[in-house]
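We count ligands from 1, going down the list as the structure has it; atoms in each ligand are counted the same way.
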Amino acid sequence: MSSSTDIGRNIAEVTNRIAQAARKVRRDVEEVTLVTVTKTIDVERVQVAYEHGIRHFGENRVQEAVGKIGQLDIPATWHMIGHLQTNKAKDAVRLFDVIQSIDSVHVARAVSRHAQAASKLIPILLEVNTSGEPQKYGFRPEEVANAAREVALLPSLRIEGLMTVAPLVTEPEEARPFFRKLRELRDQLKTSLPNINWQHLSMGMTDDFEVAIEEGATLVRIGRAIFGERQPGRQVF
Ligand SMILES: *Cc1c(COP(=O)(O)O)cnc(C)c1O
């Protein structure tokens with residue numbers, strides 16, 4: 001785990017690496033937003049990250065986020081990045097500003113229903129299982145267009161793009177095909193469903209975010225490079 005000083009230094013380093021990766025492929029660094037993943041990290045450390053300029057945070061479990069987001073009274077954007085159960089949709093709508101992990105039309109309907117009741121419009125991403133690993137959540141790539149057509153009709157959600165979690169690999173390069181697949185899918189959807197906003201590609205984590213940026217990521221979700229290794233046994237996907 002990183003100390004407060006480390007957190008500041010790590011943020012500076014990650015920010016630099018993001019800029020370098022963007023520069024390498026001649027992308028504007030402003031197109032890439034760092035979402036700092038705070039799962040298992042206590043509020044004091046999240047506060048330190050905030051004080052070092054972080055404004056986008058990600059949590060993967062509603063239950064953990066409830067206490068944390070409530071305690072931290074900071075004007076930040078909270079992203080839900082983990083699998084959402086329909087019975088948690090109401091809390092998710094209350095807590096999160098963006099839901100990146102919409103992985104079924106069923107959960108989209110539940111989120112829209114609660115958002116409507118709360119007079120909110122929730123920006124969402126459709127999560128895609130680009131690797132086909134059976135334990136992974138997300139739409140199969142070939143399902144996304146039809147799902148998007150249905151989700152786009154829901155009154156209180158606004159699709160803003162796609163999200164994926166690449167497989168665990170030993171070399172960052174090995175993740176590239178999955179990021180490329182998400183970008184190519186997005187490019188096809190832009191053509192086939194031009195009335196939907198396909199702006200965002202959320203992809204890339206601590207071990208592979210530079211490759212993801214080279215392939216077009218607009219949101220990178222980074223935990224360990226900022227806070228250090230999570231405590232064993234508390235890591236929950
Ligand atoms: C934990 C998590 C991350 C961040 O992973 P790190 O390897 O710590 O950068 C990103 N995305 C999702 C969906 C996660 O659950």
TODO: If the plane angle is over 60° it's perpendicular, under 30° parallel, otherwise tilted; pick one for H79 and H56.
DONE: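 It falls in the tilted class, 30° to 60°.
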
TODO: Measure the distances from the heavy atoms of Q100 to every atom of ligand 1 and state whether one is below 4.0 angstrom.
DONE: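 Contact absent.
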
Task: Main-chain N/O of M205 paired to D208 side chain as donor or acceptor, under 3.5 Å - done: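 Checked: pair present.
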
Open item on the list: Using heavy-atom distances only, which candidate in I81, N60, T206, V37 approaches atom 9 (O) of ligand 1 most closely?
Closed with: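 The nearest heavy atom belongs to T206.
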
Task: Geometric N/O contact M205 with ligand 1, under 3.5 angstrom - done: no

- [ ] List every atom of ligand 1 that sits less than 4.0 Å from any heavy atom of I222, numbering the atoms from 1 in the order shown and giving each element.
- [x]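 Numbered from 1, ligand 1 contributes 9 (O).
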
Open item on the list: Under a 3.5 Å distance rule, please check whether N10 uses its side chain to pair with a backbone N or O of V14 as donor and acceptor.
Closed with: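 A pair under 3.5 Å: no.
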
TODO: Would you mind listing which atoms of ligand 1 come within a distance below 4.0 Å of any non-hydrogen atom of G223?
DONE: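 Going through ligand 1 atom by atom, the ones under 4.0 Å from G223 are 4 (C), 6 (P), 8 (O), 9 (O).
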
Open item on the list: Are the side chains of F96 and I124 in contact, using a 4.5 Å heavy-atom criterion?
Closed with: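 They are not in side-chain contact.
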
- [ ] Evaluate the salt bridge (charged side-chain N to carboxylate O under 4.0 Å, His left out) criterion for residues E214 and K24: first the C-alpha distance (whole Å), next the side-chain angles of each, then the deciding distance (0.1 Å), finally the verdict.
- [x] CA-CA 8 Å; E214 288 172 25; K24 186 173 167 194; 3.1 Å; yes

TODO: Report, in ascending order of atom number, the atoms of ligand 1 lying under 4.0 Å from any heavy atom of R224.
DONE: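 Counting atoms of ligand 1 from 1, those under 4.0 Å from R224 are 6 (P), 7 (O), 8 (O), 9 (O).
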
